[in-house]
Amino acid sequence: MAPAPDQLPREPGDRWRAPYACRTATSRGRLVEEPGSATRNPFQRDRDRIIHSTAFRRLKHKTQVFVSHEGDHFRTRLTHSIEVAQIARALARALGLDEDLAEALALAHDLGHTPFGHTGEDALDECMKDFGGFDHNAQTLRIVTRLERRYAGFDGLNLTWETLEGLVKHNGPLLEADGRPVARYAATGIPAAIVEYQEKQDLWLDSHASAEAQAAALADDIAYNAHDIDDGLRAGLFELSELRAVPFLAGLLDEIEALHPGLEKPRATNELVRRVITRFVEDVIRNSEGLIAALAPADVDAIRRAGAPVVAFSDGIAAADKAIKGFLYPNMYRHPRIGVIRQQAADVVRDLFGRFSASPEAMPAEWAAGCAALDEGRRARRIADYIAGMTDWYALDEHRRLFDATPSLR
């Protein structure tokens, strides 16, 4: 007699649902109650709202490290988000999590980023230092709860509690158990946008996020490492041979050479990138299965109450991750050629902030309306909202409109 379907062993890629997965049936819901959908569950609706948002479309022309003008094949925030979503879904499926929630979090995690990558964020944070600073995670929350204006009944996207929680805790808890900000917020305090929203809906800032959110966060790290290696090689910032300084990458390059002697650089690069992703993904799945088994969580709240993430790299891959980032920082992110572009891009952001601060009416009418009546802090935050929403191209166009000389960023 053939075994019943539920007795068959799981095959790679099979869908299954773990007891610690998020479930739409037990979701804490939306801030504004809405009728359910006849065809989609709440997490699927969250994903679709994110994809159809204005902020998501803008990611097409927001760059990671290089500006768009460097070439058509370099990653943008949009292509990065899609890559993160693919990896997040793979992790979620293997661990029995809700794939739709993991995908929604992956697609939305970069919505709050400024033009010109982290350079733009650093410059805008500097401009806002007297008004609470600028934090892209907090800006993501601000976008999905306030700045998007697509629906008649509410501002923002009115996403589920679980999606908002995962976006806010992209880097882990924000508060210690005693209520103090965690180390990364010890000097600045929790960003105002998060504090303000917390008054409307408690996002449990002192706990870890769901396993789905943890999977999306690690997918972000994996995608970053892989595509920054790819983009750095494409741009000629370093060579394949230089990557041998990282033992983990040296081992992969030896493996490729043994299997495919003399392989041309483009193919060798692709072989390396896919091996990086595969090894990292397989490690996360294997290591997380062990962590989850040790915790034996009965539900998603047990994941939140755990003292550490349960979706995590092993010690060996965590060391490889650190080593890759240690290589990329001086050889890519702080490469002299990129440094010139970074300085010019930062100047564009600072110029725009200064001009709009002195003359708010220089902004489009919908942003300038009522600006004169705002206090200095709220006016600065509106200006930051406007600049943060710009694509690279639009920021340069605005700079050309307002200033006599604008860098080409090449």
Side-chain angles (χ1 to χ4, degrees), residues 24 27 29-32 34-35 37 39-64 68 75-86 88-89 99-115 117 120-121 124 134-170 191 193-194 196-197 200-201 203 212-213 216-217 219-220 223 364 366-367 381-382 384-395:
T24 58
S27 169
R30 305 180 190 277
L31 183 64
V32 180
E34 298 181 60
S37 167
T39 58
R40 295 169 297 161
N41 70 42
F43 298 152
Q44 290 170 336
R45 292 180 80 187
D46 282 2
R47 176 202 59 209
D48 296 348
R49 288 179 180 192
I50 290 161
I51 289 173
H52 288 279
S53 69
T54 302
F56 185 74
R57 291 197 302 277
R58 286 175 180 155
L59 297 180
K60 179 182 178 182
H61 295 300
K62 290 191 177 189
T63 46
Q64 294 284 111
S68 304
R75 268 72 176 188
T76 66
R77 290 281 173 199
L78 180 61
T79 59
H80 167 68
S81 296
I82 294 170
E83 291 176 7
V84 175
Q86 178 264 318
R89 286 195 74 100
E99 295 176 42
D100 297 314
L101 176 58
E103 182 181 29
L105 291 165
L107 292 171
H109 81 283
D110 267 356
L111 293 181
H113 267 292
T114 64
E121 179 176 10
L124 196 53
F134 182 88
D135 176 278
H136 75 265
N137 281 336
Q139 190 68 13
T140 295
L141 180 68
R142 192 166 167 83
I143 286 169
V144 300
T145 61
R146 186 169 181 170
L147 297 181
E148 282 283 331
R149 295 183 177 177
R150 305 178 60 80
Y151 299 92
F154 47 80
D155 287 339
L157 304 180
N158 198 34
L159 304 178
T160 60
W161 185 94
E162 289 76 13
T163 299
L164 297 178
E165 178 214 23
L167 292 176
V168 166
K169 300 177 188 174
H170 183 69
I194 297 175
E196 289 172 5
Y197 190 80
K200 301 177 183 177
Q201 192 177 33
L203 297 177
E212 286 84 355
D220 187 23
E366 64 270 26
W367 289 94
R381 183 60 60 186
R382 183 179 292 188
D385 286 340
Y386 176 50
I387 294 175
M390 294 180 179
T391 64
D392 294 12
W393 291 357
Y394 185 73

Exercise. Is any side-chain heavy atom of Arg150 closer than 4.5 Å to a side-chain heavy atom of Thr54?
Worked result: yes
Exercise. Of all heavy-atom pairs between Leu141 and Ala193, which one has the smallest distance, and what is that distance?
Worked result: CD2-O, 3.9 Å
Exercise. Within a reach of under 6.0 Å around CZ of Arg381, are more than 12 heavy atoms found that belong to other residues, nucleotides or ligands?
Worked result: yes
For this session: Look up atom CG in Asp385 and atom CH2 in Trp367, then write down how far apart they are to the nearest 0.5 Å.
Result: 5.0 Å
Problem set entry | Contact summary for Leu111 and Val144, nearest pair of heavy atoms | CD1-CG1, 3.8 Å
Problem set entry | Proximity of His80 and His109 rings by center, below 6.0 Å | yes
Problem set entry | Shortest non-hydrogen contact from Leu105 toward Ala216 | CB-CB, 4.0 Å
Seminar exercise, completed: Test side chain to side chain contact (heavy atoms under 4.5 Å, CB included), reference Leu78, set Glu83, Lys60, His61, output is Lys60
Exercise. Going through the distances and angles, do Arg40 and Asp46 end up as a salt bridge (charged side-chain N to carboxylate O under 4.0 Å, His left out)?
Worked result: CA-CA 10 Å; Arg40 295 169 297 161; Asp46 282 2; over 6 Å; no
Exercise. Do Lys62 and Asp392 meet the salt-bridge criterion of a basic N to acidic O distance under 4.0 Å?
Worked result: no
For this session: Would you sort out whether Asp110 and Ser81 count as a side-chain hydrogen bond (donor to acceptor under 3.5 Å, both in side chains), showing the intermediate values?
Result: CA-CA 7 Å; Asp110 267 356; Ser81 296; 4.5 Å; no
For this session: Over all heavy atoms of both residues, which pair between Arg49 and Leu159 is shortest? Give the atoms and the distance, please.
Result: CB-CD2, 4.3 Å
Exercise. Any sub-3.5 Å donor-acceptor pair from Lys169's side-chain atoms to Leu203's backbone N or O?
Worked result: yes
Exercise. Just wondering, do Thr39 and Gln44 contact through their side chains at under 4.5 Å, heavy atoms?
Worked result: no
For this session: Evaluate the criterion side chain to side chain contact (heavy atoms under 4.5 Å, CB included) for residue pair Tyr151 and Leu157; output intermediate values, then yes/no.
Result: CA-CA 8 Å; Tyr151 299 92; Leu157 304 180; 4.0 Å; yes
Exercise. Should Arg47 and Glu99 count as side-chain neighbours, where that means a heavy-atom distance under 4.5 Å?
Worked result: no
Problem set entry | Atom of Asp155, atom of Arg146 and distance for their closest heavy-atom approach | CB-O, 3.4 Å
Exercise. Say you draw a straight line from CG of Asn158 to CD of Glu148; how long is it, rounded to the nearest 0.5 Å?
Worked result: 13.0 Å
Problem set entry | Intermediate values then yes/no, side chain to side chain contact (heavy atoms under 4.5 Å, CB included), His136 and Thr114 | CA-CA 8 Å; His136 75 265; Thr114 64; over 6 Å; no
Exercise. Is there a side-chain hydrogen bond (donor to acceptor under 3.5 Å, both in side chains) between Thr24 and Ser27 once you walk through the steps?
Worked result: CA-CA 5 Å; Thr24 58; Ser27 169; over 6 Å; no
For this session: Of all the heavy-atom pairs spanning Ile143 and Ala55, show the shortest one and how long it is.
Result: CG2-CB, 3.8 Å
Problem set entry | Rounded distance (nearest 0.5 Å) linking atom CH2 of Trp161 with atom CD of Gln201 | 8.0 Å
Exercise. What is the distance from atom CZ of Phe56 to atom CD1 of Ile50, rounded to the nearest 0.5 Å?
Worked result: 8.5 Å
Exercise. Does the side chain of Arg77 reach to within under 4.5 Å of the side chain of Thr63, using non-hydrogen atoms?
Worked result: no
For this session: Could you tell me the separation between the CG atom of Asp135 and the CZ atom of Arg142, rounded to the nearest 0.5 Å?
Result: 12.5 Å
For this session: Would you indicate whether the side-chain heavy atoms of Tyr197 and Leu164 approach each other to under 4.5 Å?
Result: yes
Exercise. Parallel, tilted or perpendicular: which describes the rings of Tyr394 and Tyr386, with under 30° parallel and over 60° perpendicular?
Worked result: perpendicular
Problem set entry | Distance in Å, Leu101 CG paired with Phe43 CZ, rounded so as to fall on 0.5 Å steps | 5.0 Å
For this session: Starting from the C-alpha separation in whole Å, work towards a yes-or-no answer on side chain to side chain contact (heavy atoms under 4.5 Å, CB included) for Ile51 and Leu107.
Result: CA-CA 7 Å; Ile51 289 173; Leu107 292 171; 3.8 Å; yes
Exercise. Step by step, would you call Leu147 with Gln139 a side chain to side chain contact (heavy atoms under 4.5 Å, CB included)?
Worked result: CA-CA 9 Å; Leu147 297 181; Gln139 190 68 13; 3.7 Å; yes
